[in-house]
Amino acid sequence: MNHYVPMPQSFYEQPTLQLAQALLGCLLVKETEEGVASGYIVETEAYMGPADRAAHSFGNRRTKRTEIMFGKAGSVYTYTMHTHILVNVVSSDVGSPEAILIRAVEPFEGTSLMENRRPGRSRKEWTNGPGKLTKALGIQMNDYGHHFTASPLTICEGWEQDSFHISSGPRIGIENTGEARDYPWRYWVEGNSYLSKMRSPTT
DNA sequence: GTCTAGATGGCCT
DNA sequence: GGCCATCTAGACA
């Protein structure tokens, strides 16, 4: 897997909203005993810490779960949602609990592995949602606390930043968070066919 | 210790 | 469009 070039630590130290866009087109790579699976990030959502009602770290809530959000930029924050695992990239300075949720990727390497992990689904449905992509790539709760610059879970150079167009809009699945639901902190690669689908199309 | 809600997905109608 | 699986962190007693 030497052809993968992990993004340097400095990459993660840019402002969160900027990083959320910079992550688009990057390659998310997961190594397991079964092999390597990877996909290009095509959709992200920023969670802005203390001031963001939708963030787990709203009001500077510091618990066992959110602890990693206070840590170093580029750390892995995994979270269990019902029966699914979601994966986030911790951003901002130590002590500033911000993170970016990876909502969708486009399959690249290890497609047969993904197919096995997502039996009976069409290629598009392997990774077009935050819970789906973790399953397809084999991301688990024990990835919590690792860092994206080191295996087994890394973010590497992917597409050229000027080879696609970025769109932004409100986040998804946070209807009960007051004014926070309207913040346009979701970013995606315009026109990509592996984007997650809207949960509640209500304006 | 007990109760509840949730950054979802899949299956049913 | 609606319902439910399944489970953990967080709040409260």
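Residue numbers start from 1 in every chain, and the chains themselves are labelled A, B, ... in the order their sequence lines are given, proteins ahead of strands. The model shown is predicted, which means the values in this text are computed figures rather than measured ones.
- Where DNA chain B meets chain A (any atom under 4.0 Å from a heavy atom), the bounding nucleotides read 5' to 3' are B/dG6 to B/dC11.
- Residues of residues 81-100 of chain A having a heavy atom closer than 4.0 Å to DNA chain B, listed by number: A/M81, A/H82, A/H84, A/L86, A/N88.
- Test A/K72, A/R61, A/R62 against A/E67 for salt bridge (charged side-chain N to carboxylate O under 4.0 Å, His left out) and you get one pass: A/R62.
- Connection of A/I68 to A/Y12 is not established within any shared hydrophobic cluster, with ILVMFWY side chains joined at heavy-atom distances below 4.5 Å, either directly or through further cluster members.
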From CA spacing to verdict: side-chain contact (heavy atoms from CB on, under 4.5 Å), A/M114, A/T127: CA-CA 9 Å; A/M114 294 189 212; A/T127 57; 4.1 Å; yes
Criterion side-chain contact (heavy atoms from CB on, under 4.5 Å) on A/M141 and A/I85, from CA distance to verdict: CA-CA 7 Å; A/M141 272 311 285; A/I85 307 289; 3.5 Å; yes
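- Residue A/R171 is out of contact with every strand shown, counting any heavy-atom pair closer than 4.0 Å.
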Would you tabulate the nitrogen or oxygen pairs shorter than 3.5 Å linking the protein to nucleotides 2-4 of chain C?
none

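- A heavy-atom distance below 4.0 Å to DNA chain B is reached by these residues of residues 112-126 of chain A, ordered by number: A/R118, A/R121.
- Nucleic acid contact for A/I174: sugar-phosphate only, since backbone atoms but no base atoms lie under 4.0 Å from a heavy atom of the residue.
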Evaluation steps, side chain to side chain donor-acceptor pair (under 3.5 Å), between A/Y77 and A/H56: CA-CA 11 Å; A/Y77 175 30; A/H56 294 149; 2.8 Å; yes
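- In summary, the side chains of A/Y144 and A/R65 do not present any donor paired with an acceptor at a separation below 3.5 Å, with no hydrogens or angles considered.
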Pairing annotation in dot-bracket form, given for DNA chain B with Watson-Crick or G-U pairs under 3.5 Å and | for cross-strand partners: ||||||.|||||.
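- Along DNA chain B, the nucleotide nearest A/G131 and the nucleotide nearest A/N176 are compared for position; the residue whose nucleotide lies closer to the 5' end is A/N176.
- A/Y47 and A/T16 share no side-chain donor-acceptor pair at under 3.5 Å.
- For A/T177 and A/R171, the side-chain atoms include no donor-acceptor pair closer than 3.5 Å.
- The two residues A/W185 and A/M48 have their closest heavy-atom pair at CZ3-CG, 3.2 Å.
- Contacts between residues 132-149 of chain A and DNA chain B, defined by a heavy-atom separation under 4.0 Å, are made by A/K132.
- Shown here for A/G129 and A/S196, the closest heavy-atom pair between the two residues is CA-CB, 4.0 Å.
- Of the residues A/T78, A/V29, A/L28, the one that meets the side-chain contact (heavy atoms from CB on, under 4.5 Å) test with A/L153 is A/L28.
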